[in-house]
Trainee: 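Just passing along the structure, written as C-alpha cells.
Read the numbers this way: they start at 1 and go in the same order the structure lists the ligands and their atoms. No experiment lies behind these values; they were computed from the predicted model shown.
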Amino acid sequence: MDTIFSVLFERPLKPDTLVRGRFKLNSLIGKGSYGLTYKAKDLQTGSIVVVKQLRKRKRHKSEEVQYFLQEAGFLQQFNHPSIPQFVAAFEEDGVPFLVMDFIDAPNFEELIFNKNKVYTEKETFLILLDVINVVQYFHQQGIVHRDLRIPNILWDGTSIYIIDFGLARLLGSKPSSPRKGKKEHPLFRELSVRSDFFALGHFALFLLYSTFEPASKKEKSWEEELVLSPVARQTIRRLLQLDQPYETITELIIDAERVLSGY
Ligand SMILES: Nc1ncnc2c1ncn2[C@@H]1O[C@H](COP(=O)(O)OP(=O)(O)OP(=O)(O)O)[C@@H](O)[C@H]1O
C-alpha cells in the first residue's frame, strides 16, 4: 500500500527496470509536477524511446489521468515528422505510462543558454516558420498546444520538433482548473489558438535576444532594445496581442513570409 510519504517523495524507477516486459529504462530525464520521464530502449524494436509515468499523487485525480490519456490520444492521432511518434500507452500496477519516440535534438533553452547559439532576424523567422507549419498541423485538427516554450521546441540543425502535449487541449473543450502554484500569464493557457500565437511571440523574442548585448544597465522594452525590421516588429506585436491579434495561422504565415521576403 502507498504511504503518504511514498506518495509525496516518489522515487523514480531504477535504471534497467523493465516496464511491460518491453521497455528497459536507461535514465531519468525529467521530473515535472505531473510525471517522471525516462529515456529507455524498446526491446521489441531496438529504438530509443521516452517513457512517461504519471506521478502517484496524480493517479487518483480522474482529471489528471484523463489528461494523461488525452496526451497519449493526441500523439496516437498525429502523424507528423516533427512530432514524436506514439509507441504505447498502458497501465502497469495501477500506474499509467505513455511511450513515444525519443527525439535526439537539443531544445532552444539548451541551444541559447548552454551552447550560446545566436539567431539573426532572418534565422529566427526561418525557424519560426518551420514551427508555425507544425502548429498549423495540429490547429487544423482542433488542438492547441498551450505550452510552446523554448524547452519544448527542439532543433537538430535541420528540422524542428515540438514535444510535450501534456497541456494540449481540444478547442471548445471545458477549461481545466488553473495549475496550482504556477504564476503564468493567462494568455499562455487560454483555450484558443491565440495562446499558441502568444507563446510563439515569446519564442521569437528568445531567439532574437540571443544576439543582444546590453549597452546600459537600464532595462528597456524589447522594442527599444532589439533592432528589428518594421514587419518583424509588427508580427511580434500581433503575436503578443499588443496590436490586433492574429485570428488564423494563415495570416501569421503571410506576415512571417513577408519578413523573409525582405532578405
Ligand atoms: N519525445 C521526446 N524526445 C526527446 N526528449 C523528450 C521527449 N519528450 C520529453 N523529452 C525531454 O524529457 C524531459 C522531460 O519532459 P517532460 O515533457 O516530462 O516535461 P518536464 O519539462 O520535465 O515537465 P513539465 O512539463 O511538467 O515542466 C525534458 O527535458 C524534455 O526535453
Side-chain angles (χ1 to χ4, degrees), residues 10-13 15 19 23-42 45-59 61 63-89 95-115 117 131 134 137-138 143-169 176-185 188-189 195-196 199 202-203 206:
E10 184 173 9
R11 284 225 182 94
L13 295 170
V19 180
F23 304 105
K24 193 172 177 190
L25 302 188
N26 180 343
S27 53
L28 182 75
I29 55 171
K31 225 171 155 185
S33 56
Y34 286 79
L36 300 162
T37 307
Y38 309 85
K39 192 171 170 183
K41 185 168 183 176
D42 181 348
T45 61
S47 317
I48 304 297
V49 291
V50 164
V51 174
K52 276 190 164 190
Q53 171 194 15
L54 188 64
R55 276 191 183 275
K56 279 186 185 169
R57 58 173 181 267
K58 303 286 179 184
R59 282 170 216 161
K61 298 186 180 161
E63 200 187 37
E64 310 288 357
V65 176
Q66 189 200 320
Y67 287 137
F68 193 78
L69 297 177
Q70 182 173 265
E71 178 181 2
F74 288 156
L75 291 184
Q76 200 164 10
Q77 165 182 341
F78 297 148
N79 179 15
H80 194 286
S82 294
I83 300 176
Q85 194 79 43
F86 171 87
V87 175
V95 182
F97 284 93
L98 163 60
V99 186
M100 69 191 86
D101 272 353
F102 174 77
I103 292 172
D104 193 8
N107 65 49
F108 277 99
E109 188 169 54
E110 292 159 350
L111 288 166
I112 296 169
F113 296 108
N114 302 344
K115 300 187 188 231
K117 295 278 179 202
V131 177
V134 191
Y137 172 80
F138 52 77
I143 295 163
V144 272
H145 187 284
R146 303 198 314 151
D147 203 13
L148 289 172
R149 291 175 300 122
I150 46 169
N152 290 332
I153 306 181
L154 282 53
W155 172 242
D156 64 9
T158 316
S159 304
I160 276 292
Y161 303 91
I162 296 183
I163 60 165
D164 199 356
F165 285 77
L167 291 176
R169 297 288 180 267
S176 46
S177 1
R179 299 208 295 173
K180 276 191 205 123
K182 298 256 178 188
K183 270 204 189 121
E184 50 202 13
H185 195 294
F188 274 119
R189 303 290 170 232
S195 65
D196 284 351
H202 286 267
F203 172 74
F206 267 108

Trainee: What do you reckon, does Lys39 put a non-hydrogen atom under 4.0 Å from ligand 1?
Mentor: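 Distance cut 4.0 Å: Lys39 fails for ligand 1.
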Trainee: Between ligand 1 and Thr37, is the shortest N or O to N or O distance under 3.5 Å?
Mentor: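 Yes, there is a polar N/O contact under 3.5 Å.
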Trainee: Which bit of Asn152 gets closer than 4.0 Å to ligand 1, counting heavy atoms only: side chain, backbone, both or neither?
Mentor: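 Contact part for Asn152 vs ligand 1: neither.
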Trainee: Just by modelled atom types, is the Asp147 backbone N or O under 3.5 Å from a matching donor or acceptor in the Asn152 side chain?
Mentor: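 Answer holds: yes.
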Trainee: N/O to N/O below 3.5 Å, does that happen between Asn107 and ligand 1?
Mentor: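 Among all N and O atoms of Asn107, none is under 3.5 Å from an N or O of ligand 1.
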Trainee: Decide yes or no on ring pair (Phe, Tyr, Trp, His ring centres under 6.0 Å) for Phe108 and Phe206, but give the supporting numbers first.
Mentor: CA-CA 9 Å; Phe108 277 99; Phe206 267 108; over 10 Å; no
Trainee: Just jot down the ligand 1 atoms closer than 4.0 angstrom to any heavy atom of Gly30, in number order.
Mentor: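 Selected atoms, number and element: 14 (C), 22 (O).
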Trainee: Side chain, backbone, both or neither: which part of Ile29 comes within less than 4.0 Å of ligand 1 when only heavy atoms are counted?
Mentor: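 For Ile29, the contact with ligand 1 is made by both the backbone and the side chain.
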Trainee: Suppose I only count heavy atoms of Lys31 and a 4.0 Å limit; which atoms of ligand 1 are within that range?
Mentor: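 Checking each atom against Lys31, I get 22 (O).
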Trainee: Can you tell me how far CG of Leu13 sits from CG of Leu25, rounded to the nearest 0.5 angstrom?
Mentor: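 Here the rounded value is 6.0 Å.
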Trainee: In terms of ring plane angle, is the pair Phe138 and His145 parallel, tilted or perpendicular, where the classes change at 30° and 60°?
Mentor: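 Correct class here is tilted.
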Trainee: Within a distance under 4.0 Å of any heavy atom of Pro84, pick out the atoms of ligand 1 and give their elements.
Mentor: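 Checking each atom against Pro84, I get 1 (N).
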Trainee: Begin with the C-alpha distance, continue with both residues' side-chain angles, and end with the deciding distance and a verdict on ring pair (Phe, Tyr, Trp, His ring centres under 6.0 Å) for Tyr34 and Tyr67.
Mentor: CA-CA 10 Å; Tyr34 286 79; Tyr67 287 137; 8.6 Å; no
Trainee: Output the distance between atom CG (Asp164) and atom CG (Asn107), rounded to the nearest 0.5 Å.
Mentor: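 If we round to the nearest 0.5 Å, Asp164:CG and Asn107:CG are 11.0 Å apart.
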Trainee: I'd like to know if Asp104 and Lys39 make a salt bridge, using a cut-off of under 4.0 Å between side-chain N and carboxylate O.
Mentor: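 No, no charged N to carboxylate O under 4.0 Å.
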Trainee: For Tyr137 and Ser82, indicate whether the former's side chain and the latter's backbone hold a donor-acceptor pair under 3.5 Å.
Mentor: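 Not at all, since once roles are kept as given, no pair shorter than 3.5 Å links the two residues.
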Trainee: Is it the side chain (CB and beyond), the backbone, both or neither of Ile103 that lies under 4.0 Å from ligand 1, heavy atoms counted?
Mentor: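 The answer is both, backbone and side chain.
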Trainee: Atoms of ligand 1 less than 4.0 Å from Asp101 heavy atoms?
Mentor: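 Going through ligand 1 atom by atom, the ones under 4.0 Å from Asp101 are 1 (N), 2 (C), 3 (N).
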Trainee: Against heavy atoms of Phe102, which atoms of ligand 1 measure under 4.0 Å?
Mentor: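 So the answer, numbered in order with elements, is 3 (N), 4 (C), 5 (N).
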Trainee: With nothing but distance in play, are any N or O atoms of Asp164 less than 3.5 Å from an N or O of ligand 1?
Mentor: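 Yes, Asp164 has an N/O under 3.5 Å of an N/O on ligand 1.
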Trainee: Counting heavy atoms only, which part of Lys52 comes closer than 4.0 Å to ligand 1: side chain, backbone, both or neither?
Mentor: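 The side chain, only.
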Trainee: In ligand 1, which numbered atoms sit nearer than 4.0 Å to a non-hydrogen atom of Met100?
Mentor: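 So the atoms of ligand 1 that pass are 1 (N).
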Trainee: With a 4.5 Å heavy-atom cut-off, do Lys31 and Arg55 have their side chains touching?
Mentor: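 They are in contact (side-chain heavy atoms under 4.5 Å apart), so the answer is yes.
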